[in-house]
Protein chains: 2
Amino acid sequence: MTLQSDLSRDGEAGETDDRVSLAVSTVIFALRPHPATGSPTIWLPLVRRIREPFEGRWALPGGPLEPHEDLASSARHTLERTTGLTPNHLEQLYAFGRVDRSPDRVVSIVYWALVRAEEDAQVVPIPNVEWFVADEVAGLAFDHDDIVEYALTRLRAKITYSPIAYGFLPDEFTLAQLREVYEAVLGRPLDPANFRRQMRGRLQATGRCLEGLSHRPPALYRHDPTSSRTTLTFERESR
Amino acid sequence: MTLQSDLSRDGEAGETDDRVSLAVSTVIFALRPHPATGSPTIWLPLVRRIREPFEGRWALPGGPLEPHEDLASSARHTLERTTGLTPNHLEQLYAFGRVDRSPDRVVSIVYWALVRAEEDAQVVPIPNVEWFVADEVAGLAFDHDDIVEYALTRLRAKITYSPIAYGFLPDEFTLAQLREVYEAVLGRPLDPANFRRQMRGRLQATGRCLEGLSHRPPALYRHDPTSSRTTLTFERESR
DNA sequence: CGACTTAGTGTTGCCCTGACCCTAAGTAGG
DNA sequence: CCTACTTAGGGTCAGGGCAACACTAAGTCG
């Protein structure tokens, strides 16, 4: 093989069959009450492996990439098989390809998705699928522990500079609901007054209120997609 | 195939040979003077394709992933073949997998790299490899136009919140050199006084100066890896 | 009708930034 | 030697944004 042909062979196949195979997996996040404290927490569904390697262990839902399918379509498809839901947000996370991450050579392109709490209630139980508190999973198959941790890191970082929190919420929501999302993801309480100020300008007031509660009815808002998406700080004074 | 086995088949091979194949490509950035203005600008090397598809067109350097090779190793390897250089920064960019991005089904995992100007001078000419101004490339093979644009977007965004500018520089550098990097990447001039203030705290003074110039000798600094990496703003007042 | 609860506003002080002016420290040339 | 020039680097000031926290608004429940 000449030097030139070695430099750009993108698109060339025809190797032997010990080629690398390609899978797409998805980290699916939803907010549900924590079993102990009851406060909103990040959950995700896992699938029990029914054959080697790692038979019996929990793993991220996924499967091999079909030749006719785009990467994101494959992820969406996986999500539907696993939860019956449509993602409110779907984004590529990272490609994991360490040689020793699986006995056979597999590169996994991992997506992460957010599903809203309202749809979450409609999830039908599916055999071999179970939901877990994201921060508490361990002992997963392959390198999936690392992948979940990386996905959580990305979610926590991205929520401070990108309007992804709405991925957990219905179209219309109260400021308290939105704040609950941020508090669940960041894992600490936020000042309601300052939170409101930071969100104003990114939200459209619907004019409606949520009624039927035993206190002052909160206004309903909608995400304003035209808003400037400058970064949020939420720093805590530490002196 | 049962439902269960469909849910998590990560690691299973044994499909027919119309499987998807996997390539790793690398966007390699270096700073060189712009041919017209002379001011520092982002360049990248491309490789001329010597066979179909897209024969004769320029493409990102890369090649199929070897089964024994990690993803980043493959990217580093490509970089060495193409430039003879070692990257000062190497990072995964994105996995591009649109079904129609190539006549045969290829998913490309793309990395991007920074090389320092000092090493850049040692680049030996390699047949079929040519360097271009990154903002001016067009008409590349496959979807590589999109990939280059995406890589530039990432570089410009990331330089404001992550210490990657040092990837273009030697270990010790002056503030003017560092500012030149930011100006080249962001494409606009920065106030030297305010730039200095923002960088102070992220830099270690070496005590040495750069001498032999016909004006006041600038101090040499080194990147302080322990510095807090809060985001930089560089906003322009617009009133 | 008053206690309670949650929604939402005002105020204040601090820090950071952008704009801009000023001083420092070299070289070059008369 | 002394002055002009160039680039390095520091100082100052006004405005904005944010964290902290006190405050008002608007409902329900007894």
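By convention in this document, chain letters (A, B, ...) are assigned in the order of the sequence lines, proteins followed by strands, and residues within each chain are numbered from 1.
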Atom pair distance, as rounded to whole Å: CE in B/Met199 and P in D/dG9
14 Å
Look at the side chain of A/Ala193 and decide which nucleotide, out of C/dG10, C/dC20, D/dA20, has an atom nearest to it.
C/dG10
Testing D/dG10, C/dG10, C/dG8 for proximity to the side chain of A/Ala219, the answer is C/dG8
Does a side-chain N or O from A/Gln198 land closer than 4.0 Å to OP1 or OP2 of D/dG17, or not?
no
Short side-chain N/O contact to D/dC18 OP1/OP2 from A/Arg197, under 4.0 Å:
no
Taking the six-membered ring for Trp, are B/Phe96 and B/Tyr150 parallel (under 30°), tilted (30 to 60°) or perpendicular (over 60°)?
perpendicular
Find the distance B/Leu220:CG to D/dT7:P and express it as a whole number of Å.
18 Å
For the residue pair B/Leu210 and B/Pro217, establish whether any side-chain heavy-atom pair is separated by less than 4.5 Å.
no
Round to a whole Å and report the spacing from CG of B/Asn194 to P of D/dG11.
14 Å
Atom CD of A/Glu130 with >12 non-hydrogen neighbours under 6.0 angstrom:
yes
When you measure from the side chain of B/Thr37 to the backbone N and O of B/His34, does any donor-acceptor pair fall under 3.5 Å?
no
Between A/Arg179 and A/Thr174: side-chain donor-acceptor atoms closer than 3.5 Å
no
Rounded to whole angstroms, how far apart are CZ on A/Arg196 and P on C/dG10?
11 Å
Whole-Å distance, B/Arg179 CZ to D/dT7 P, equals 11 Å
Classify the angle between the aromatic ring planes of B/Trp112 and B/His89 as parallel (below 30°), tilted (30 to 60°) or perpendicular (above 60°).
tilted
Atom CG of B/Leu175 and atom P of D/dT7 are separated, to the nearest Å, by 16 Å
When rounded to whole Å, the CG to C1' distance for the pair B/Leu190 and C/dA19 reads 14 Å
Taking CD from B/Glu180 and C1' from D/dT7, how many angstroms apart are they, rounded to a whole number?
13 Å
Is a side-chain N or O of A/Glu183 found less than 3.5 angstrom from the main chain of A/Leu190, in a donor-acceptor match?
yes
Does the protein touch nucleotides 22-30 of chain C at the base, only the backbone, or not at all? Give it as B, S and - per nucleotide, heavy atoms under 4.0 Å.
--BBBS---
